There are 2 protein chains.
Amino acid sequence: MTDKEVKSTEEKIIDAAEEVFHEKGYFGARMREIADRAGINKGLLHYYYKSKAKLFESIFSVAKNKMISRIQVILEGDAPIQSKIDALVDQYMDMVLKNPNLPRFVLNELNNNADDFVSKHFDEVVKLTFSNFQQAIQSEVDLGHLKPIDARQLLVNIISLVIFPVVAKPVLKSLVALSEEEYQAFMEERRQQVKAFVHDALRP
Amino acid sequence: MTDKEVKSTEEKIIDAAEEVFHEKGYFGARMREIADRAGINKGLLHYYYKSKAKLFESIFSVAKNKMISRIQVILEGDAPIQSKIDALVDQYMDMVLKNPNLPRFVLNELNNNADDFVSKHFDEVVKLTFSNFQQAIQSEVDLGHLKPIDARQLLVNIISLVIFPVVAKPVLKSLVALSEEEYQAFMEERRQQVKAFVHDALRP
DNA sequence: GTCTATATCATGATAGAC
DNA sequence: GTCTATCATGATATAGAC
């Protein structure tokens, strides 16, 4: 949907709720602010979503899917491991740069909720995906193409290198004294840098 | 202070407030819950801290210092770069394992506040520290001891590799299907793994 | 479907007795 | 210093007119 099209009320609500929940989290978000940003009033907001909790669930579910859908496709494919890693970095980098508040939001809300909530959203999805990746790593190691490494640690390394600098954006800007433009450039450089860093670390 | 000593009311408040703010963040925290965990009532809590905001500032300031004090000492010393990196990983790993909610808390609250708030807490401190590190990296690169790398990117890499898996603990436990004990073991392995990974990536 | 007005409830904060 | 009781505010949620 492009900006100039007329949004339905439902769409206006979703868009506004995404903004506010992603920025402020569940507890920081205000139904009032969501209604305002959607250009409607609180009564109408509650007409569409009976409660803040319902609206949140809807927003969170979409966010969670954005975070895991791409990784899943990549890790399950049968491309060579180096291209998998590069694709993983590129896809995640695209996603977090386009939705800078998404990772923090998902991470925080997963943390706020009990373990069974986390399992419900992640477990089934992720087991197969990961074991495929693990096997791919192992065979490359066996062939002497990669330095031996625990596949779990490697996967965590890659994701850390991409997501953390987005979650920590405010610190980063202070830490290396960046303006907004410099930060964007830094992250764009980072795309290549992370790929090279991981590649270099895996040299046998 | 050990557990069996009698805590002053002030100490009980600080300890309880740390727990609650670190777990729930500013907006999720309740003065009621802080009073309960401290074993006092809300009236007394407000006698010590006139407002939630004041109490928060006090807790946040300590948390922020925990996050930057160690890194600063290490990066400013004149040890060889490889030992600096190892020390940095060890120190940060110790800290985040002992205070698993600390990084998320600091990161979130920095994000919730305006840029000048961030600058106030970080800027002056960090400039000198970083330029020292940058020079150390550069001379090692010049000597051919390290593969050329942007010092900013390297520093962000190291911090990402240590902190992210703590911030993302719930995801991690699902992603690689870990129990609490397995997670702790994973993180303990990680201490060596990160050092080796960074070291390997920097081989010329 | 959309709005205004209102009910309900929880929270931060204060007042005052002891 | 510590407690109980209460206030004031602001947020979610509902009722009802249009």
Side-chain angles (χ1 to χ4, degrees), chain A residues 1 4-63 101 105 108-109 111-114 117, chain B residues 1 4-63 101 105 108-109 111-114 117:
Chain A
M1 135 145 315
K4 64 181 169 213
E5 296 178 46
V6 180
K7 288 186 197 171
S8 70
T9 301
E10 175 95 38
E11 287 165 331
K12 286 191 282 189
I13 290 174
I14 295 290
D15 291 351
E18 257 179 8
E19 278 183 30
V20 176
F21 277 127
H22 288 195
E23 281 174 26
K24 314 267 179 91
Y26 181 80
F27 287 114
R30 298 284 170 256
M31 293 297 269
R32 170 62 193 260
E33 185 172 3
I34 294 173
D36 285 351
R37 289 210 208 178
I40 61 175
N41 61 45
K42 294 186 294 173
L44 189 54
L45 180 54
H46 275 92
Y47 173 81
Y48 279 86
Y49 290 88
K50 293 301 281 178
S51 72
K52 182 180 178 180
K54 295 264 192 222
L55 180 53
F56 172 80
E57 250 306 326
S58 168
I59 299 299
F60 177 78
S61 185
V62 171
N101 294 316
F105 171 65
N108 280 331
E109 302 307 335
N111 189 256
N112 290 342
N113 289 278
F117 178 78
Chain B
M1 135 146 314
K4 65 183 168 212
E5 294 179 47
V6 180
K7 288 188 199 170
S8 69
T9 300
E10 175 95 38
E11 285 165 332
K12 287 191 282 189
I13 290 173
I14 294 290
D15 291 351
E18 258 180 9
E19 278 183 31
V20 175
F21 276 127
H22 287 195
E23 281 174 25
K24 314 268 178 88
Y26 182 79
F27 287 114
R30 297 285 169 259
M31 292 299 268
R32 171 62 193 260
E33 186 172 1
I34 294 173
D36 285 351
R37 289 210 208 179
I40 61 173
N41 60 47
K42 293 188 297 171
L44 189 54
L45 179 54
H46 275 91
Y47 173 80
Y48 278 84
Y49 290 88
K50 293 303 280 180
S51 72
K52 183 181 178 179
K54 294 265 191 218
L55 180 52
F56 171 81
E57 251 304 327
S58 168
I59 299 298
F60 177 79
S61 185
V62 171
N101 294 315
F105 171 66
N108 280 331
E109 302 308 335
N111 188 258
N112 291 343
N113 288 278
F117 178 79

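Quick note on labels: first sequence line is chain A, next is B, and so on, each numbered from 1. What you see is a predicted model, and the numbers here were worked out from it, not measured in a lab.
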Taking the minimum atom-to-atom distance to the side chain of B/Lys52, which one of C/dT14, C/dG12, D/dC3 wins? C/dG12
Interatomic distance, A/Lys7 NZ vs C/dG1 P [rounded to whole Å]: 18 Å
Tell me whether the OP1 or OP2 atom of C/dA13 has a side-chain N or O from B/His46 closer than 4.0 Å. yes
Looking at the side chain of B/Asn41, which of D/dG1, D/dA13, D/dC3 is the nearest nucleotide? D/dC3
A/Lys50 side-chain proximity, nearest of D/dT12, C/dG12, D/dT14: D/dT14
Counting side-chain heavy atoms from CB outward, which of D/dG1, C/dT2, D/dA13 is closest to A/Ser51? D/dA13
Between A/Phe105 and A/Phe56, what is the ring plane arrangement, given parallel below 30°, perpendicular above 60°, and tilted in between? perpendicular
Residue B/Ile40, side-chain atoms from C-beta onward, closest of D/dC3, C/dA13, D/dT12: D/dC3
Does D/dT2 have its OP1 or OP2 closer than 4.0 Å to a side-chain nitrogen or oxygen of B/Thr9? yes
In whole Å, what is the span from the CG atom of A/Leu55 to the P atom of D/dA13? 10 Å
By nearest atom, which of the nucleotides C/dG12, C/dT2, D/dT14 is closest to the A/Tyr47 side chain? C/dT2
Has B/Arg32 got more than 12 heavy atoms of other residues, nucleotides or ligands less than 6.0 Å from its CZ? no
